[in-house]
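Order of the sequence lines fixes the chain letters, A, B, ..., with proteins taken first and strands second; residue numbering starts at 1 for each chain.
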2 protein chains.
Amino acid sequence: MGRGKIEIKRIENSSNRQVTYSKRKNGILKKAKEITVLCDAQVSLIIFGSSGKMHEYISPSTTLTDVLDRYHKASGKRLWDAKHENLSNEIDRVKKENESMQIELRHLKGEDINSLNYKELMALEEALDHGLDGVREKKAIF
Amino acid sequence: MGRGKIEIKRIENSSNRQVTYSKRKNGILKKAKEITVLCDAQVSLIIFGSSGKMHEYISPSTTLTDVLDRYHKASGKRLWDAKHENLSNEIDRVKKENESMQIELRHLKGEDINSLNYKELMALEEALDHGLDGVREKKAIF
DNA sequence: GATGCTATGTATAACGA
DNA sequence: TTCGTTATACATAGCAT
């Protein structure tokens, strides 16, 4: 559309991508408004550009919460429950990561190493030696 | 657009309205897909026609839940109840903990230490030395 | 009503400043 | 970069099935 036909694939040139995004974003928002007025539709449109900036359009006769409620009823997808579950899973996941990092940290500090076997101790020693090398090398520059 | 220009106001003839809705709905969905691919955007589009039928498009790289989460962060508008908010805060808290542990771990492995000053390097060296002592002591028992 | 077909109005890709 | 401008490609209003 425009001076040349383009194929629908990611625009590699980032400044072109930005310009195209801005123009098309305005285009979609306009279309959303038009269908709302012309056809009595209710539209919820949320766009995030790659820069992270958000744009939205919600039909004036409604609210996002309303739309989501209707979405919930129409699709049967339990957004809230799913959201809740996702958050819980995410917390579990991050906490587990946390825990294993804590253990690793303690080991590196020479704590709680009674349960380690000889091979693990060797690996730990090597890691510490290596870290020490890096630090001393850096220190030497000062 | 088409055989004659139209003004943007409710189409009174209900069958025309229905036809226009169907055509424009497809148009917007197409545009939404296009901007997603062309510009790396993330789009959530939900449309209800006056008949009550729903249509949606969510960028393949994401989920409605994700988009709503980002919407929440970007707009500050509260879509969730307090419980979800608490969970979100918990995640943020744990993730921050996570991050600082990751940094500490990297430092102990001699990585990313360019930003450290001399005093911090000294402390790091001491910690590594101490850790090494512990490990060697333990190793000696084997 | 739904679908397919154009003539026409719009959106926009490539430029230019 | 970020604006306009314009030549084109695209979307679609009005018809015809």
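Residues passing the salt bridge (Lys or Arg N to Asp or Glu O under 4.0 Å) test with B:K73, sequence neighbours excluded: B:D69. Scored by the side-chain hydrogen bond (donor to acceptor under 3.5 Å, both in side chains) test, B:E90 finds A:K95, B:R93 as partners (sequence neighbours excluded). For the ring-ring contact (aromatic ring centres under 6.0 Å, His included) test, residues two or more places apart in sequence or in another chain that qualify with A:H84 are B:H84.
In this structure, the side chain of B:S44 does not engage the main chain of B:I58 through any donor-acceptor pair within 3.5 Å.
Per the geometry, CG belonging to A:N16 stands 15 Å off C1' belonging to D:dC3, to the nearest Å.
Heavy-atom contacts from other residues, nucleotides or ligands closer than 6.0 Å to CD of A:E137 number 12 or fewer.
Close approach of DNA chain C to chain B, defined as any atom under 4.0 Å from a non-hydrogen atom of the protein, starts and stops at C:dA2 to C:dT12.
Counting non-hydrogen atoms under 4.0 angstrom, B:Q18 reaches the backbone sugars and phosphates but no base. Contacts of A:S15 with the nucleic acid, taken as non-hydrogen atoms under 4.0 Å apart, involve only primed sugar atoms and P, OP1 or OP2.
Using a 4.0 Å cut-off between charged nitrogen and carboxylate oxygen, A:K109 and B:E104 count as a salt-bridge pair.
Residue pairs meeting the salt bridge (Lys or Arg N to Asp or Glu O under 4.0 Å) criterion with at least one member in residues 44-57 of chain B, sequence neighbours excluded: A:K77-B:E56.
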Identify the pairs formed between an N or O of the protein and an N or O of nucleotides 8-12 of chain D at a distance under 3.5 Å, and give each distance.
from: D:dT8; atom 1: O4'; to: A:G2; atom 2: O; distance (Å): 3.4
from: D:dT8; atom 1: O2; to: A:G2; atom 2: N; distance (Å): 3.1
from: D:dT8; atom 1: O2; to: A:G2; atom 2: O; distance (Å): 3.3
from: D:dA11; atom 1: OP1; to: B:K30; atom 2: NZ; distance (Å): 3.1
from: D:dA11; atom 1: OP2; to: B:K30; atom 2: NZ; distance (Å): 2.8
from: D:dT12; atom 1: O2; to: B:G2; atom 2: N; distance (Å): 3.4

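Judged by distance alone, the side chains of B:S51 and B:Q18 never bring a donor and an acceptor atom under 3.5 Å apart.
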